[in-house]
Engineer: 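Here's a structure for you.
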Amino acid sequence: MKILIVGSGGREHVIAWKIAQSSRVDKIYCAPGNAGIASVAECVPIGAMEFDRLADFAEEKKIDLTVVGMDDPLVGGIVDVFEARGLRIFGPDKKAAILEGSKAFSKDLMKKYGIPTAQYETFHSPEEVRSALKRAKYPVVLKADGLALGKGVLICQNEKEGLDAVQELMVDRKFGASGDTVVMEEFLTGREVSVLTFTDGKTYRVMSSAQDHKRAEDGDRGLNTGGMGTFSPSPFYTPEIDQWCRAHVFQKTVDAMRAEGRTFRGVIFYGLMLTPDGPRVLEFNARFGDPEAQVVLPRMKNDIVDVFEACIDGTLDQMDLQFADNAAVCVVLASGGYPVSYRKGYPIQGLDAFPGNDGTYCFHAGTAFDSEGRIVTNGGRVLDVVALGDNLKAARAKAYEAVKRISFRDQYMRTDIGHAIDEA
Ligand code: AMP
Ligand code: GLY
């Protein structure tokens with residue numbers, strides 16, 4: 001088979017790496033890819049939002065299956081463009097990807113179908129939010145309706161912070177049209193867990209759980225980022241909680257989408273808060289998490305191409321998804337200054353020190369080749385160093401040993417990824 005992957009980050013690198021292990025695959029392309037993905041796939045310089053050019057490429061190269069890693073092209077309708085041209089593609093179509101693309105849609109869906117989530121109200125004008133802020137119980141959470149790189153969620157401790165958030169989202173339109181509609185939510189407390197599932201529109205299979213670290217600095221301080229590190233499994237996501245979520249969240253969501261005429265085929269990622277009153281859905285994503293995929297996929301035993309095909313063909317009920325009884329930790333190496341401003345183009349040393357056979361991996365999140373063919377930094381998140389271990393503590397120790405093999409200018413990481421493991 002020939003496979004095309006769409007995207008250019010660490011998530012797409014681990015997807016490419018996992019696909020490369022399939023005995024059914026002869027050739028992998030990635031558009032646009034990065035310098036690390038180039039070691040497992042041929043990178044082609046087509047942007048992830050250039051749907052017609054991507055479909056032309058898939059036709060010309062006789063691609064058997066396209067896999068979309070990123071949210072933007074899914075929400076933008078890449079799957080519809082491919083399917084209209086008879087091209088096989090893994091991921092939800094535009095009607096289904098709205099599950100991630102609109103928070104107002106996803107909240108209304110949860111309310112209608114009784115899927116547990118925070119109390120909320122939806123607003124379409126700054127005046128409405130301002131008046132609601134007067135009677136709100138603080139803290140309160142304001143969320144831009146649309147995609148905002150994970151940064152459109154503002155936790156407000158008082159009315160003044162709420163008014164500032166309204167200014168940022170709705171008046172200054174920091175995230176463009178994404179902030180024209182705003183969801184105001186009750187603030188929940190508890191531990192967060194990411195649960196990734198595959199679905200074929202009728203049934204679902206749960207991947208192993210993971211926990212992300214969204215804040216930039218140690219101790220969960222600093223600004224929100226795309227994710228500074230992950231571990232899998234989460235010891236807090238117990239078998240009892242898993243059973244509860246299967247009964248009250250996962251099947252209900254799949255059925256709700258089908259009932260709405262928005263059958264979802266692909267990955268549904270549940271961002272859950274384990275509150276004292278039970279799990280609540282914080283958000284849905286229509287794709288693998290980044291950097292959750294980097295700790296979940298290396299632990300998956302199945303041929304991932306079989307799973308993708310079962311989701312497309314509606315045969316997931318016949319599939320037994322299996323995970324190794326081990327653990328993984330991912331430490332993100334970022335550029336100093338991320339997520340605000342940072343420099344790019346610095347050469348990276350030590351990449352050869354990951355032979356791929358010692359249970360450590362270095363997936364590339366933001367790298368490129370410079371004019372001399374050297375691999376250089378090319379993003380806020382640069383590398384994802386992943387280690388497998390018999391348990392979480394062993395994986396964490398191994399990951400922090402492995403990061404020492406890498407060096408580049410302005411290198412920055414959190415030193416406490418997996419701190420919650422010690423409280424388990
Ligand atoms: P979201 O993109 O909706 O997952 O929100 C990003 C982050 O904001 C989450 O990972 C949580 O840490 C936090 N968050 C979102 N909604 C709430 C809520 N209702 N209560 C507390 N924290 C929240
Ligand atoms: N790591 C969170 C996300 O992928 O949205």
Side-chain angles (χ1 to χ4, degrees), residues 7 9-12 14-15 68-72 74-75 97 99-107 110 116-122 136-157 162 165 169 175 178-179 182-196 207 209-216 220-232 234 267-277 279-297 330 332 334 339 363 365 380-381 384 414 417 420:
R11 167 182 47 207
E12 287 73 29
V14 73
I15 292 171
V68 186
M70 300 163 70
D71 46 356
D72 283 330
L74 290 169
V75 171
L99 189 63
E100 170 163 8
S102 167
K103 294 207 191 273
F105 170 85
S106 70
K107 295 296 291 187
M110 288 190 270
T117 188
Q119 302 284 336
Y120 74 103
E121 276 182 273
T122 303
K137 197 166 142 255
Y138 291 91
V140 89
V141 187
L142 290 183
K143 300 186 175 186
D145 177 51
L147 297 181
L149 297 164
K151 293 169 192 135
V153 174
L154 299 160
I155 294 167
C156 311
Q157 301 296 340
L169 297 175
F175 303 103
S178 284
V182 159
V183 171
M184 182 187 284
E185 256 186 38
E186 153 202 25
F187 178 76
L188 298 176
T189 55
R191 280 189 195 280
E192 283 187 60
V193 54
S194 302
V195 182
L196 279 58
M207 295 179 238
S209 61
Q211 186 174 319
D212 193 5
H213 300 68
K214 289 198 168 133
R215 301 295 200 93
D220 294 320
R221 286 190 299 268
L223 295 172
N224 258 323
T225 69
M228 292 299 292
T230 36
F231 58 84
S232 171
S234 164
V267 170
I268 302 182
F269 160 165
Y270 298 87
L272 302 175
M273 183 78 93
L274 307 181
T275 78
D277 303 322
R280 298 285 180 270
V281 177
L282 285 180
E283 65 162 347
F284 299 113
N285 293 310
R287 46 156 179 95
F288 291 100
D290 185 348
E292 282 88 344
Q294 288 85 319
V295 285
V296 170
L297 295 183
C330 168
V332 173
F363 298 112
R381 291 189 293 180
D384 304 319
R414 273 184 64 165
I417 298 303

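Counting convention: from 1, in listed order, for ligands and their atoms alike. Note that these values count all heavy atoms, side chains included, but never hydrogens, waters or copies made by symmetry.
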Engineer: Just need the protein heavy atom nearest to atom 13 (C) of ligand 1, so name the residue and atom and give the distance.
Structural biologist: I155 CD1, 4.2 Å
Engineer: Which residue and atom name correspond to the protein heavy atom nearest atom 19 (N) of ligand 1, and how close is it?
Structural biologist: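 Of every protein heavy atom, E185 OE1, 2.7 Å lies nearest to atom 19 (N) of ligand 1.
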Engineer: Is there a polar contact between ligand 1 and F187, counting only N or O atoms under 3.5 Å apart?
Structural biologist: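 No.
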Engineer: Between E185 and K107, does any side-chain N to carboxylate O distance fall below 4.0 Å?
Structural biologist: yes
Engineer: State, to 0.1 Å, how close P291 and C330 come at their nearest heavy-atom pair, and which atoms those are.
Structural biologist: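 Scanning both residues, the minimum pair turns out to be CB-SG, 4.1 Å.
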Engineer: Quick test of your reading of the model: are R414 and D220 salt-bridged, counting only N-O distances below 4.0 Å?
Structural biologist: yes
Engineer: Using a heavy-atom cut-off of under 4.0 Å, does the side chain or the backbone of F288 touch ligand 2, or both, or neither?
Structural biologist: neither
Engineer: For A165 and L142, which heavy atoms make the closest approach, and how far apart are they?
Structural biologist: CB-CD1, 3.7 Å
Engineer: Going by the atom numbers of ligand 2, which of them fall below 4.0 Å from some non-hydrogen atom of D212?
Structural biologist: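 Those atoms are 1 (N), 2 (C).
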Engineer: Name the closest protein heavy atom to atom 23 (C) of ligand 1, giving the residue it belongs to and the distance to 0.1 Å.
Structural biologist: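 Looking at atom 23 (C) of ligand 1, the protein heavy atom closest to it is L282 CD2, 4.0 Å.
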Engineer: Give me the atom names and distance for the closest heavy-atom approach of S209 to V195.
Structural biologist: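 That would be CB-CG2, 4.4 Å.
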Engineer: Heavy-atom distances under 4.0 Å decide this one: backbone, side chain, both or neither, for V141 against ligand 1?
Structural biologist: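 Within the 4.0 Å criterion, V141 contacts ligand 1 through side-chain atoms alone.
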Engineer: Please state which part of T230 comes within less than 4.0 Å of ligand 2, counting heavy atoms only: side chain, backbone, both or neither.
Structural biologist: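 Neither part.
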Engineer: I need the contact type for M70 against ligand 2. Using non-hydrogen atoms and a strict under-4.0 Å cut-off, is it side chain, backbone, both or neither?
Structural biologist: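 None of M70 does.
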Engineer: Go through V193 and L274 one step at a time and tell me if the side-chain contact (heavy atoms from CB on, under 4.5 Å) criterion holds.
Structural biologist: CA-CA 7 Å; V193 54; L274 307 181; 3.9 Å; yes
Engineer: For M228 versus R215, what's the shortest heavy-atom pair and its separation?
Structural biologist: CG-O, 3.4 Å
Engineer: Between F231 and H213, does the side-chain contact (heavy atoms from CB on, under 4.5 Å) criterion hold? Intermediate values first, please.
Structural biologist: CA-CA 9 Å; F231 58 84; H213 300 68; 3.6 Å; yes
Engineer: Under 4.0 angstrom from ligand 2, any heavy atom of G289?
Structural biologist: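 Yes; G289 lies near enough to ligand 2 that a heavy-atom distance drops under 4.0 Å.
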Engineer: Just to be sure I read this right, does ligand 2 sit under 4.0 Å from the backbone of R11, its side chain, both, or neither, counting only heavy atoms?
Structural biologist: neither
Engineer: Are more than 12 heavy atoms, taken from residues, nucleotides or ligands other than Q157, located less than 6.0 Å from that residue's CD atom?
Structural biologist: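 Yes, CD of Q157 has more than 12 neighbouring heavy atoms, counting only those of other groups under 6.0 Å.
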Engineer: Start with the C-alpha distance between F269 and F284, add both sets of side-chain angles, then the distance that settles ring-ring contact (aromatic ring centres under 6.0 Å, His included), and finish with yes or no.
Structural biologist: CA-CA 6 Å; F269 160 165; F284 299 113; over 10 Å; no
Engineer: With heavy atoms of G226 as the reference, note each atom of ligand 2 found under 4.0 Å away.
Structural biologist: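 Numbered from 1, ligand 2 contributes 1 (N).
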Engineer: Considering L188, D212, V281, L154 one by one, which has a heavy atom nearer to atom 21 (C) of ligand 1 than any of the others?
Structural biologist: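 The option holding the nearest heavy atom is L188.
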Engineer: Checking R287 against M70 for the side-chain contact (heavy atoms from CB on, under 4.5 Å) test, could you report, in this order, the C-alpha distance in whole Å, the side-chain angles of both residues, the deciding distance, and whether it holds?
Structural biologist: CA-CA 7 Å; R287 46 156 179 95; M70 300 163 70; 6.0 Å; no
Engineer: So if I count the atoms of ligand 2 from 1 in the order they appear, which ones are less than 4.0 Å from some heavy atom of N285?
Structural biologist: 5 (O)
Engineer: Would you say R280 touches ligand 1, if touching means a heavy atom closer than 4.0 Å?
Structural biologist: no
Engineer: Just which atoms of ligand 2 are under 4.0 Å from any heavy atom in E292?
Structural biologist: 1 (N), 2 (C), 4 (O)
Engineer: If you measure only the distance, is there a donor-acceptor pair under 3.5 Å linking the side chains of T230 and D212?
Structural biologist: no
Engineer: At under 4.0 Å between heavy atoms, is it the side chain or the backbone of V153 that contacts ligand 1, or both, or neither?
Structural biologist: side chain
Engineer: Would K214 count as a polar contact of ligand 2, with the cut-off being nitrogen or oxygen pairs under 3.5 Å?
Structural biologist: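 No: no nitrogen or oxygen of K214 is under 3.5 Å from one in ligand 2.
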Engineer: Minimum heavy-atom separation for L74 and A286, please, with both atom names.
Structural biologist: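 Minimum heavy-atom separation between L74 and A286: CD1-O, 3.4 Å.
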Engineer: Show me which atoms of ligand 2 lie under 4.0 Å from any heavy atom of R287.
Structural biologist: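 Within the 4.0 Å cut-off of R287, ligand 2 contributes 3 (C), 4 (O), 5 (O).
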Engineer: Looking only at protein heavy atoms, which one is nearest to atom 10 (O) of ligand 1, and how far off is it?
Structural biologist: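 Scanning the protein heavy atoms, the shortest distance from atom 10 (O) of ligand 1 goes to E192 OE1, 2.6 Å.
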Engineer: With respect to N224, determine whether any N or O atom, backbone or side chain, lies less than 3.5 Å from an N or O atom of ligand 1.
Structural biologist: no
Engineer: Closer than 4.0 Å to some heavy atom of F269 - which atoms of ligand 2 meet that?
Structural biologist: 3 (C), 4 (O)
Engineer: Could a heavy atom of G271 be found less than 4.0 Å from some atom of ligand 2?
Structural biologist: no
Engineer: Nearest to atom 3 (O) of ligand 1, what protein heavy atom do you find, and at what distance?
Structural biologist: K143 NZ, 2.9 Å
Engineer: Specify the closest pair of heavy atoms between A293 and R11, including all atoms of both residues, with the distance to one decimal.
Structural biologist: CB-CG, 4.2 Å
Engineer: Is a donor on one side and an acceptor on the other found under 3.5 Å between the side chain of E100 and the backbone of A97?
Structural biologist: no
Engineer: Which atoms of ligand 1 are found less than 4.0 Å from any heavy atom of K214?
Structural biologist: 10 (O)
Engineer: For atom 2 (O) of ligand 1, what is the closest protein heavy atom, and at what distance to 0.1 Å?
Structural biologist: E283 OE1, 3.2 Å
